[in-house]
Each structure stands twice: as C-alpha cells, then as structure tokens.
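The block underneath contains the structure these notes are about, expressed in structure tokens.
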Amino acid sequence: MFYLFLFYSLAFLFSTIGYGLLFCKISKIDISIINTGLIGILGLFLLSIIASYSHLIFQHNYFHNLTILSIGLISFFCLSFKKKINIKIILFCFFILFIGFLIAKTNEDFPYYHLPNSLQFSQQKLQFGLGNLNHGFKHITSLFMLNSINYYPLINYYLFNLANFLFQVFFVCFLIIEVLNNNNKIANFTKNFLILTLVLFLVKFSRLAEYGTDIAGQIIIFVSIFFSLEILFNSKINSEYKISYFKLLIILLVFTVSTKVIYVIYSLIPVIVFFNMQNKIKTLNSILQLKNLFFIILSITFLLFFNFASTGCILYPIPETCFSETFDWSLKKETVSYMNYHYELWSKGGRGPNFEVSNPEKYVDGLNWIQNWISVYFFTKVSDFLAVILVILLFYTSLFFREIFSEKQSKQDISLAKFINLYLALIIIFLIWFFNFPTLRYAGYVIIYLLFILPYCLSINNKIVWEVGQYKKFFLILIFCFSIFALKNSIRLYKEINILEDQHHNFKNFPFYFVKNSPYKEVIINNNRVYEALDGNMCWATPSTCVRATDKLNIKNKNGYKFYSYNDF
C-alpha cells in the first residue's frame, strides 16, 4: 500500500502542475516570469474551480477523480516540454518533505468536519441545507473540494491531506527557486524576506496535521506578499513585469479568500500596491480582461453559492446575509447569530474545549475581553510564535554578523515612502484582525510575522547583499532547516508508530492516518438514506450523508437535489 500511496501522490503532483500550465496558457500568464512552485499553486486554484463546478452535477467518485487526474497528467506532458519546469527541485522538495506527510494523528477538527465534508463531496453531488445536520457542514472552503478529488480506488479517503501537503511542497519549492534564480533580478529586500520565510515554515510549520484549513490560505498570502514587495521595491524590473505581477497578486488573493473568507482583510494590500504603481489604466485593463475576470468571478461565485447552499447565508455566519424566512432549509437567524457570537467568544479567549467565562455576553462587549485574552492566549500561543520569530532573527543576525555590523554599505535603494504606506496598511489589517478574531489560525500568523520581519529586512537591506559568494550561506540555511524539519518529523513518526493498536491515533494502517470506527446506523427518511452517528460520536468516515440526529429531520427531493431541514430547529 505504501507504493500505491506514493504513486497517487506523485501522480497528483504532476497532474496539478499540468493544470497550472493549462491555467497559465488560458490566462496568458508569461511562464518565464514565474517558477514551478507558483505554477503548482495556480494548478491547485484551477482544480478548486473545476471541482466546484463538477460538484454541482456529479459526485467526486473514482471515475470522476481518475478523469481529473488523467487530464492533468496529459496537460503536463503536452505543455511542460515547451516550458522550463524545474523537475529536480520539485522532486527534491517532495521527497524531503514527504516524511511530514506520513501522519497518524490528523488535525483536531479532521474527524469533526474536514473528513466528513470532503467525503460528502466525494460521495454525493450538491445538496442543500447540510448546515442543519452538523455544525461542521456549515464551514465551506475550497480545500474540501481539493480533498474530495483525491478519492481514489484502494486508497479511498486516505489522501485527503494531499492538498495541504502539495501547498507545502509548492511553497517551499517557490521560495528556493526564487532565491536561487538570479535571472529574475529579485530585489535584495525581497530575497532576505524569502529566506527568512523559508526558515519560518520549515522550522515552525513542520507538522502537516497542524495545517487544517488555516495554513494553506496563509501560504498563498505569503506568495502574494512576494509580488507586492517586488512591485513596490524592485526598480530592476519593467512595468510589464509589474503589471503581470499585480495580476497574479489579485488571482492569489481570490484563491486565498476561497479557502477562508476572513482572508479578505488582506485585500487592502493590493489597493496600496495599485496606488503606488505607474500605468494604472493599463494595469486595470489587464485585470479586466475577460479570461482573468472569468476565473476570478467564478471562484468568488462558487464560494458564495456553496455558503448559501449549505446554510442559506451568502456569507456565513453573518445573519444579515441569510435567507431564513425565504427557504425552509436555511439556518434560522437565531442559530446563525448564536454561532457568530460563539466564534467571537472562542477567538477572544472566552471559550475553549474545557472552559467558558462566567459572563460571556459582557465578556465580548467592547474591550472587556483583552485582559483575559492576554492571559489565556497571548502568553501561550502568541508569545510562543513571537519567540520563534525572535530566534529566527537572532539566527539570521548571527549568520551574517560580520555584514550587518560592518560599516560598509551597498546601495540598495528602497522607497521609504512606499514602505511606510505598506506598513501602515499592515497595521490596519492587524487592528481589524485583533479586534475581530484575534487567533493566529484565523489569518494571524501572517500579519504578526510581517509586522516584525519587514522592518528587520529594511534594516539589513544595505548590509546583506545576495551575490554569488553569499549563496554558500543559503545552502547552509537549507541544510540546517531541512535537518530540523526531518528531525522533528522523525521524532513524531517514531512516537506515532509506537502507539498501541488499541489506542487512538495509532499507525497500524501505515502509511494511512488513523480513522476511528465510529458507530452509526442507517436511517431512511422520505425514501432517502442517511447515516446517524451514535453515542455522541463525531462522523469520522461514516458514509455520507452523516447526521448527528435524525429526530424531526425532514428531507425533500426536488429536481434531483436533496434539501435538509428540521421541523423544529
């Protein structure tokens, strides 16, 4: 089974690159200005759109998914020979990082809604009112669509973490190639940023199970920041490059929002970048070309539509966007309001798995929550992340100690006005994040990292200049970071393999992650079959459609689609 697991993983890797090449061809993106890692990310974007469209009509079964896989492989073999695809670095990153893909213990939310949602899309076509059945079904993300197309014969659902793994592979590949590629004439400021970001991800985000639905979107934001920095600070590239970069920046932002709506707060960055660009009219015309608009609008439309189909709300959990009185399968506004309040309470440290503050309504009012948030969240999660950033900065400073503290300076011009404009935009994004959902997993890792890293990059910009002789240190950084990544995952893998077979999260089905045999029963309602999870268990891999309770559940069939509601919710 291990070799089949590896085969499917490699096949989807190259298939995704094939879709990335196809996307670039359709959108007329110049392949010469982007690298293989970004092509892979664009391939995931196109796949998320294709999967969303096909879900309207088909279940993502074996035949559907093998067809998708085959088309991508054909695209790869037909288009890659004409383009410069860095297969060596892609395979290097894939096999080096593969040890992190071998996991027994998945994300804590995986049995609750990641696996059931992805399995739902694999085994059923579009259904309405799923949010009534389980809180997990209320959460919509393009990542679940990507998961569902990795449902293959013999492997079944055991590759539902593959999309997150490929985000990791493509991102690391993107960073390495951009650092090593001198032909692109990357700004010195940007190159230091890329290397520091590479260190962060290999050291901090080394455990794939922690990604969930949160890290992939933040990875895309980091890539979009690269293009923002190049547009603002790289005087070596011409305006045509910058227009192409801005187009990619918009596409990446849309992809990010499709993974989680809260990433829309980062839309302020392209606004700042646009107003600091020349040839604004030409830039707008490039964005407004029909083919570019088609993918952008389609992605946003699918995001809003699937939110609506699941919950009856255009943007869940915002009650004002719900059609509770119009459709009987829509969530009640009281339910949506409660869930909105629940998420706010959770993100502000007022509720956790095992606790809740005594007066929650007063707690979230105004700034009452800040003191407790500092106590229960800042001095655990945020302080730990700040410590990681500090260690990375100390490591980088010690490695380039001689250059940083030398009196010699090279002339690497950075527009201070543009930097201040960008930094003020980041502060605004931080304030929006902090006063609304101050949790690192909710778009917070990126903004906190940027607020500390960008001033540091500015301070060393005229000190650390990446010339030919300096790349020896970059390879030392690579060896060091990959060694930490491998060590951390080797220790984790050793512990998971040694978990007893009668305990949760064991690795008896290596290389497949642990799935609990959750008890369920088959229930027929109005000639429709559903599966009820028993004894308060999560759905895990219960056949779809999995429900938590069938009492008073009503199922209607109309025009070949199912609609779920409760008579008294």
Side-chain angles (χ1 to χ4, degrees), residues 8-27 29 31 34-55 60 65 68-73 75-76 79-80 85-86 90 93-94 97 101 114 117-118 121-122 140-152 159-175 177 201 205 208 211-224 226-227 248-260 263 295-296 298-300 302-303 306:
Y8 276 126
S9 301
L10 279 169
F12 190 67
L13 171 82
F14 289 112
S15 179
T16 303
I17 296 173
Y19 279 104
L21 291 168
L22 187 61
F23 178 83
C24 291
K25 185 177 181 64
I26 295 171
S27 300
I29 294 173
I31 297 289
I34 61 176
N35 71 45
T36 309
L38 181 56
I39 291 171
I41 293 173
L42 293 175
L44 290 170
F45 176 57
L46 180 57
L47 279 169
S48 71
I49 294 175
I50 292 171
S52 297
Y53 176 76
S54 65
H55 178 60
H60 293 167
N65 292 347
I68 294 289
L69 185 70
S70 300
I71 292 172
L73 289 172
S75 297
F76 174 80
L79 298 176
S80 63
I85 302 298
N86 202 319
I90 274 287
C93 292
F94 178 89
L97 299 174
F101 186 38
H114 298 180
N117 266 294
S118 303
F121 301 149
S122 297
I140 299 300
T141 169
S142 58
L143 294 176
F144 294 155
M145 289 296 174
L146 289 172
N147 289 346
S148 68
I149 59 173
N150 284 306
Y151 185 68
Y152 298 120
L159 281 174
F160 280 179
N161 282 319
L162 183 55
N164 268 335
F165 175 60
L166 290 192
F167 271 109
Q168 185 185 57
V169 171
F170 290 138
F171 183 54
V172 172
C173 177
F174 168 81
L175 295 173
I177 295 176
F201 266 82
F205 300 105
L208 196 68
Y211 278 39
T213 59
D214 306 301
I215 304 303
Q218 302 197 54
I219 282 175
I220 306 170
I221 289 294
F222 274 115
V223 178
S224 70
F226 162 79
F227 289 113
L248 287 166
L249 173 58
I250 297 299
I251 291 169
L252 290 169
L253 178 65
V254 171
F255 189 17
T256 303
V257 173
S258 78
T259 67
K260 225 162 199 175
Y263 293 119
F295 288 112
I296 291 170
L298 205 58
S299 180
I300 295 172
F302 281 134
L303 173 68
F306 287 126

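When reading the values below, keep in mind they use all heavy atoms of this one structure, side chains included, and skip hydrogens, waters and symmetry mates.
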Spatial distance of atom CD1 (Ile39) from atom OG1 (Thr16) [nearest 0.5 Å] | 12.5 Å

Set of side-chain contact (heavy atoms from CB on, under 4.5 Å) partners for Ser299, sequence neighbours left out | Phe45, Ile49, Val254, Ser258

Please round to the nearest 0.5 Å and tell me the distance separating atom CD1 of Ile31 and atom CG of Leu79.
-> 8.5 Å

Residues in side-chain contact (heavy atoms from CB on, under 4.5 Å) contact with Ser224, at least two apart in sequence or another chain = Ile221, Leu249, Leu252

Do Phe295 and Ile26 come within less than 4.5 Å of each other through their side chains, counting heavy atoms only?
-> yes

Rounded to the nearest 0.5 Å, what's the gap from SG on Cys173 to CD1 on Ile41? Could you check?
-> 9.0 Å

Leu303: partners by side-chain contact (heavy atoms from CB on, under 4.5 Å), with sequence neighbours left out = Val257, Val261, Asn307

Pair Ile220-Tyr263, side-chain contact (heavy atoms from CB on, under 4.5 Å): steps then yes or no | CA-CA 10 Å; Ile220 306 170; Tyr263 293 119; over 6 Å; no

Which residues pass the side chain to side chain donor-acceptor pair (under 3.5 Å) test with Ser75, sequence neighbours left out?
-> none

side-chain contact (heavy atoms from CB on, under 4.5 Å) between Leu42 and Leu248, intermediate numbers included | CA-CA 9 Å; Leu42 293 175; Leu248 287 166; 4.1 Å; yes

Given Val223 and Leu38, is the side-chain contact (heavy atoms from CB on, under 4.5 Å) satisfied, shown in steps?
-> CA-CA 8 Å; Val223 178; Leu38 181 56; 4.0 Å; yes

Value for CG (Leu253) from CZ (Phe227), rounded to nearest 0.5 Å, stands at 13.5 Å

Is there a donor-acceptor pair closer than 3.5 Å between any side-chain N or O of Thr141 and the backbone N or O of Thr259?
-> yes

Within-4.5 Å side-chain heavy-atom neighbours: Phe12 and Leu47 = yes

Measure from the ring center of Phe255 to the ring center of Phe167 and say whether it is less than 6.0 Å.
-> yes

Find the distance between SG (Cys93) and CD1 (Ile177) and round it off to the nearest 0.5 Å.
-> 7.5 Å

Set of ring pair (Phe, Tyr, Trp, His ring centres under 6.0 Å) partners for Phe302, sequence neighbours left out | Phe306

Sequence neighbours left out, what passes side chain to side chain donor-acceptor pair (under 3.5 Å) with Tyr151? Give chain and number order.
-> Gln123

Would you say Asp214's side chain and Gly217's backbone share a donor-acceptor pair under 3.5 angstrom?
-> no

With sequence neighbours excluded, tell me which residues meet side-chain contact (heavy atoms from CB on, under 4.5 Å) with Asn147.
-> Ser118, Phe144, Phe160, Ala163

Which heavy atom in Ile85 sits nearest to a heavy atom in Ser80, and how many Å separate them?
-> CG1-CB, 3.9 Å

Who passes side chain to side chain donor-acceptor pair (under 3.5 Å) against Tyr152, sequence neighbours left out?
-> Asn150

Here the pair of heavy atoms bringing Cys24 nearest to Ile34 is SG-CD1, 3.7 Å

side-chain contact (heavy atoms from CB on, under 4.5 Å) between Val169 and Phe101, intermediate numbers included = CA-CA 10 Å; Val169 171; Phe101 186 38; over 6 Å; no

Does Phe94 have any ring pair (Phe, Tyr, Trp, His ring centres under 6.0 Å) partners at least two apart in sequence or in another chain, and if so, which?
-> Phe98, Phe165

Any side chain to side chain donor-acceptor pair (under 3.5 Å) pairs touching residues 159-170, not counting sequence neighbours?
-> Gln168-Tyr211

Separation between OG of Ser122 and CE of Met145, rounded to the nearest 0.5 Å | 10.0 Å

With sequence neighbours left out, what residues match Ser54 under side chain to side chain donor-acceptor pair (under 3.5 Å)?
-> His60, His64

